[in-house]
There are 2 protein chains.
Amino acid sequence: MTDRAGRRRDSTRRESDRRDLGAMVHPVLRLLIAVELPILAAHEVSMWGYSVLTALDDGPVRTQATLAEAIGADKTRIIGTLDELQDAGLISRTPDPNDRRARLLEITDEGRRLRRAVRAEIRAKEESLLATLTPTERTAFVRALEKLSALSPEDLPDRGLS
Amino acid sequence: MTDRAGRRRDSTRRESDRRDLGAMVHPVLRLLIAVELPILAAHEVSMWGYSVLTALDDGPVRTQATLAEAIGADKTRIIGTLDELQDAGLISRTPDPNDRRARLLEITDEGRRLRRAVRAEIRAKEESLLATLTPTERTAFVRALEKLSALSPEDLPDRGLS
DNA sequence: TATTGTTATACTCTATAACTATA
DNA sequence: TATAGTTATAGAGTATAACAATA
């Protein structure tokens, strides 16, 4: 029924025959990045830059550290990105009058325009990816991603092994 | 109906309200890595090492470059990994008698044991992730990953924009 | 001359800690 | 003394090109 490598020789198929999730998610992410990079480059914005604009399009943020955590980055890592975005007039970064240590971060109208233009192009590309799925698969896939991306390692119970 | 940031204020929900796929897939991959790393460390094998063992458990490979491409790596990048695996007795690496430039790569019995033990632990952890999904979502999610991970950028047609 | 594997180099990303300015 | 932001440094990961052995 199965050969030496453990693959099934008959036509049956079990979910446990699948590859590890990581072995499938990794190439998918690479594919998404390959699709997005040319679009971002055409608009002269980096991946982190787009990520910052996306976060700020949901509303202003009071400190850089808060913003960094929201996009899964480090506070030291986004400084260069914020410099670029500010120089390009895509965000404003002003000291909070009530606490001059903090920087009030806000997207500008032009930043919003840029972010939404980029998103529209990315969505168009994503459409051609999702078009390879059936409607059922597509809906469930997106829903599953929303659920799983909200989990953190601490949410996982131990289940015997490991 | 929607506020300034474009979010819907009523209870309706559209798929287009979702985040970009990359913004969801990235944290999922990070979660999977966070789950796998402790398991791999306990067995003293690296991520690339496990990836190599997994590929070779499907059958031997005649050249290192072929193996590298199969796991989405560079031929120069896996050399250190192959050295470690060989030193640990997990793979064999012998010059092909017919073409002594090539190295015949094969997993050893111990390598196979290790790989399958690691996989079992990873699968157990993945179970607790997938348990957050409904059965329908789970099946479709895995099927969608299988489809999407098989795509390459060239498979994508241009669709107007970008 | 072409191919396989290896080594060397530089470049990017990231993590850590030290520093400043404000509180 | 503690916090927000910045800078500096070192480390890991990766990409590129040059090299040795074999064909």
Side-chain angles (χ1 to χ4, degrees), chain A residues 22 26-27 29-34 36-38 40-41 44-52 55-56 60-87 91-106 153, chain B residues 22 26-27 29-34 36-38 40-41 44-52 55-56 60-87 91-106 153:
Chain A
H26 191 215
L29 181 61
R30 267 208 299 228
L31 178 65
L32 289 169
I33 290 174
E36 290 179 14
L37 276 187
L40 295 167
E44 294 181 304
V45 66
S46 69
M47 191 92 70
W48 284 116
Y50 176 62
S51 180
V52 165
L56 291 182
V61 170
R62 209 185 67 86
T63 75
Q64 297 182 181
T66 306
L67 174 64
E69 209 207 329
I71 64 176
D74 187 278
K75 66 170 180 170
T76 68
R77 241 162 60 189
I78 63 168
I79 291 179
T81 302
L82 295 178
D83 290 344
E84 290 168 14
L85 293 174
Q86 189 177 19
D87 290 349
I91 66 168
S92 69
R93 192 196 206 177
T94 53
D96 180 345
N98 300 323
D99 181 348
R100 294 179 45 74
R101 291 175 304 182
R103 303 271 177 280
L104 194 69
L105 302 166
E106 206 158 0
Chain B
H26 190 215
L29 181 62
R30 266 206 300 224
L31 178 65
L32 289 170
I33 290 173
E36 291 179 13
L37 277 187
L40 294 168
E44 294 180 305
V45 66
S46 69
M47 191 91 71
W48 284 116
Y50 176 62
S51 180
V52 165
L56 291 182
V61 169
R62 210 185 65 86
T63 75
Q64 297 183 182
T66 306
L67 174 64
E69 208 206 331
I71 63 176
D74 188 277
K75 65 169 181 170
T76 67
R77 242 163 59 190
I78 63 168
I79 291 178
T81 302
L82 296 179
D83 291 344
E84 289 167 15
L85 293 174
Q86 188 177 21
D87 290 349
I91 66 168
S92 68
R93 185 160 51 158
T94 54
D96 181 345
N98 301 323
D99 181 349
R100 294 180 45 76
R101 291 175 304 184
R103 304 272 176 277
L104 194 69
L105 302 166
E106 206 158 1

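Letters A, B, ... are given to chains in the order of the sequence lines, protein chains preceding strands, and every chain is numbered from 1. In this text, all values refer to a predicted model and were calculated from it rather than measured experimentally.
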Regarding dT22(C), can its base be found pairing with the side chain of R100(A) as donor and acceptor, where the two atoms are less than 3.5 Å apart?
no
Mind checking whether L31(A) and P153(B) have side chains closer than 4.5 Å, heavy atoms only?
yes
For R93(A) and E106(A), indicate whether the former's side chain and the latter's backbone hold a donor-acceptor pair under 3.5 Å.
no
Length of the line joining L104(A):CG and dT22(C):C1', which is rounded to integer Å
17 Å
Heavy-atom contact window of chain A on DNA chain D, given 5' to 3' at under 4.0 Å:
dA2(D) to dT7(D)
Is there side-chain contact between P95(B) and R103(B), with heavy atoms separated by less than 4.5 Å?
yes
Determine whether T94(B) and L105(B) make a side-chain contact, defined as any pair of heavy atoms from C-beta on separated by less than 4.5 Å.
no
How close or far is atom C1' of dT4(C) from atom CD of E69(B), stated in whole angstroms?
15 Å
Could you encode protein contacts along nucleotides 7-18 of chain C as a string, one character per nucleotide from 5' to 3', using B for base contact, S for sugar-phosphate-only contact and - for no contact, with a heavy-atom cut-off of under 4.0 Å?
B------SSBB-
Would you say the side chain of L67(A) lies within less than 4.5 Å of the side chain of L82(A), judging by non-hydrogen atoms?
yes
Rounded off to whole Å, could you give me the CD-to-P distance for the Q64(A) and dA21(C) pair?
16 Å
Rounded (10°) bend between the five-pair end axes of the helix from dT1(C)-dA23(D) to dA23(C)-dT1(D):
20°
Measuring from atom CD of E69(A) to atom CD1 of I78(A), what distance do you get when rounded to the nearest 0.5 angstrom?
11.0 Å
To the closest 0.5 Å, what do you measure between CD (Q64(B)) and CG (D74(B))?
12.0 Å
Side-chain heavy-atom pair M47(B), L37(B) within 4.5 angstrom cut-off:
yes
Is the closest side-chain heavy-atom distance between D96(A) and T63(A) below 4.5 Å?
no
Donor-acceptor contact below 3.5 Å, side chain R77(B) vs main chain A68(B):
no
